[in-house]
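Below is one structure, written out as structure tokens; the observations come after it.
As the structure lists them, so they are numbered: ligands from 1, and atoms in each ligand from 1. In this text the structure is predicted, and so the values were computed from the model without any measurement.
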Amino acid sequence: MPRFSINAPRINQTLDELGHLGESPDGMDRVAYSQEDIAGREYTIKLMREAGLETRIDTAGNIIGRRSGSDDDLPAIALGSHTDTVPKGGKYDGALGVMAAVEVARTLQEHGHLTRHPLEVISFTNEEGTRFHRWLVGSRSMAGLLEQEDLEAVDDDGFGLGPCLADIGGDISRIDEAVRKPGELAAYLELHIEQGPNLYQTGTPIGVVTGITGRAVFEVEIEGKANHAGTTPMSTRRDALVSASKLVLAVQKMAAEQEICRVSTVGSIKAVPNAVNVIPGNASIGLEFRDTDMEALAAAEQELRRITNQAIADDGVDIQVHRQRFTSSVPITPGMQALVAEAAENCGMTWEPVASGAGHDAQAIATIAPVAMIFVPSVDGISHAIEEYSTPEDCANGTQALLELLLLADQRL
Ligand code: GLV
Ligand code: MN
Ligand code: MN
């Protein structure tokens, strides 16, 4: 039996209320630094205060709600996730982890239970990395993993990060102050939807996350020759979009047929000038490879360079491959996994081990603190889309397991 029961209707109500901020007929649009994101952040701060947390925004724009422990000399245990979304995303990715963390704090407050360690609820900013094409920005800032490229990143209109950060209460000139040193956090515990099909297919309420995938992102620019679509003979064309299309298929095959890495995706494509009667003179594609084995990602990069060289030779186009980011895969320690399993069992819930194919803030925080992650089922394994759904029962189960995990970590760490 769990020691304290979370309020199941309340966690689902807060998720619903947050899910109205940035809601559109095509999905959730709470892209980091947008007005909708700011509305979600204000809602989160309001809830944190109602839960008795003392809130602050660090210089990276992360929202941190803190509650004292009975021994304030101990490092804090942090719970959290993110409330930004991808464009046309879902209501649960990230949001569940933040709303659940607030619910855990509220439950402890209602029961007058003081943990030994101070408790922090953290809503990391810009996990998804949509606008500036740089992800895990809040958690990497906190972990001291930010790179110069992150600070200099511009959006598709050439607009920089600094003013965006100022809009949400951060300060790019003092972003280093957001860094937490190893040892400052006793642990970081994150509840998240699985975003894949495993738990849903087996009907298992709790996933004990065994590790988080690595990811390699590239931007490929193809330069051909723009010309008239009606007068240029087919044999003399250098059509950048046709070459890009061949690369899209070749990248898909790298995981699907050649099994060089676990998954490979071209997720964005641009043609210039993007007019129906002009042969595209330029095209660019954004693509990524994911695998827990970093050598598989290196092999995928090698193959990408081979197929682009082939396209240069075959199509007479110029191609530049920009290596954007490699994010290391992160194993979760057996000890932290065992704690999640024990928490599930204490709550009378079955569990199974699952590897995360999505990236998470825990991945960055793992470099400064022990981390654990709990997954709950995603109906039909869908996420980053309007159909993303986890049942109210699963959301409540995950929240209850998160509370129990916190109490176990508080005793054992
Ligand atoms: C983050 O949501 C990711 O792309 O895995
Ligand atoms: Mn996501
Ligand atoms: Mn997420």
Side-chain angles (χ1 to χ4, degrees), residues 15 18-19 22 27-32 34 36-37 40-41 44 62-63 79-101 122-140 188-199 207 209 211-218 255 261-268 286-292 297 324-330 354-366 371-378 381-390 395 398 402:
L15 255 179
L18 179 61
M28 291 303 306
D29 274 306
R30 221 167 38 231
V31 172
S34 64
E36 293 77 11
D37 176 45
R41 292 167 57 85
T44 303
N62 298 309
I63 303 168
L79 314 179
S81 197
H82 61 98
T83 61
D84 67 311
T85 70
V86 292
K88 308 189 194 325
K91 239 172 72 176
Y92 301 84
D93 174 0
L96 172 62
V98 176
M99 293 299 103
I122 307 178
S123 181
F124 290 105
T125 185
N126 194 4
E127 189 266 4
E128 300 285 7
T130 302
R131 180 160 167 194
F132 295 98
H133 312 292
R134 313 287 303 179
W135 77 335
L136 306 179
V137 173
S139 46
R140 285 192 299 117
Y188 171 68
L189 315 173
E190 181 168 352
L191 169 66
H192 206 283
I193 56 168
E194 185 196 340
Q195 306 181 270
N198 299 298
L199 298 173
V209 180
I212 307 173
T213 191
R215 181 186 187 213
V217 180
F218 298 87
C261 56
R262 186 176 58 80
V263 286
S264 55
T265 310
V266 177
S268 71
L287 63 102
E288 58 158 59
F289 306 112
R290 297 198 193 202
D291 204 294
T292 42
L297 298 184
Q324 294 204 306
R325 293 176 298 289
F326 266 57
T327 308
S328 298
S329 60
V330 165
V354 261
S356 177
H360 298 289
D361 292 307
Q363 197 159 356
I365 300 303
V371 302
M373 284 196 78
I374 303 173
F375 275 175
V376 294
S378 292
I382 296 178
S383 165
H384 279 188
I386 190 170
E387 293 85 3
E388 178 179 288
Y389 182 64
S390 293
C395 293
L402 180 67

(message) Suppose you place the vertex at the Mn ion (ligand 3); what is the angle out to H82 NE2 and H192 NE2, to 10°?
(response)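 That angle is 110°.
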Under 3.5 Å between any N/O of [X] and any N/O of ligand 1: does that happen in this structure?
X: Q195; value: no
X: H384; value: yes
X: G359; value: yes

(message) Test side-chain hydrogen bond (donor to acceptor under 3.5 Å, both in side chains) on E288 and T265; report intermediate values, then the result.
(response) CA-CA 5 Å; E288 58 158 59; T265 310; 4.7 Å; no
(request) Measure from the Mn ion (ligand 3) to every N/O/S atom of D93 and report the name of the nearest one. (result)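 For D93, the N/O/S atom sitting closest to the Mn ion (ligand 3) is OD1.
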State the atoms of ligand 1, each with its element, that fall below the 4.0 Å cut-off from a heavy-atom position in [X].
X: A358; answer: 5 (O)
X: W135; answer: 1 (C), 3 (C), 4 (O), 5 (O)
X: E128; answer: 1 (C), 2 (O)
X: E127; answer: 1 (C), 2 (O)

(message) As a test of reading the structure, name the N/O/S atom of H384 that is nearest the Mn ion (ligand 2).
(response)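 Closest N, O or S atom of H384 to the Mn ion (ligand 2): NE2.
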(request) For the Mn ion (ligand 2), find the closest N/O/S atom belonging to E128 and write down its atom name. (result)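 Minimum-distance N/O/S atom of E128 relative to the Mn ion (ligand 2) is OE2.
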(message) Residue-level breakdown please: for H360 versus ligand 1, do any non-hydrogen atoms fall below 4.0 Å on the side chain, on the backbone, on both, or on neither?
(response)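 It is neither; nothing of H360 touches ligand 1.
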(message) Below a 4.0 angstrom heavy-atom separation, can you tell me which part of R290, side chain or backbone, both or neither, approaches ligand 1?
(response)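 R290 to ligand 1: side-chain contact only, backbone stays beyond 4.0 Å.
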Are any side-chain N or O atoms of [X] and backbone N or O atoms of [Y], one a donor and one an acceptor, separated by less than 3.5 Å?
X: D84; Y: R30; value: no
X: T213; Y: D291; value: yes
X: S356; Y: I212; value: no
X: Y92; Y: Q195; value: no

(message) Ignoring hydrogens and geometry beyond distance, is a side-chain donor-acceptor pair present between H384 and D93 at under 3.5 Å?
(response)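 Their side chains do contain a donor-acceptor pair, which is all the 3.5 Å distance test asks for.
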(request) Mind running side chain to side chain contact (heavy atoms under 4.5 Å, CB included) on E194 and V376 for me, showing each step along the way? (result) CA-CA 6 Å; E194 185 196 340; V376 294; over 6 Å; no
(message) Would you compute the distance between atom CD of Q363 and atom OH of Y188 and round it to the nearest 0.5 angstrom?
(response)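 Reported value, rounded in 0.5 Å steps: 11.5 Å.
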(request) Could you grab the distance from atom CD of Q324 to atom NE2 of H133, nearest 0.5 Å is fine? (result)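 Nearest 0.5 Å value for the CD-NE2 distance: 7.5 Å.
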(message) Below 2.8 Å, can you find an N, O or S atom of H360 next to the Mn ion (ligand 3)?
(response)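 Coordinating: no.
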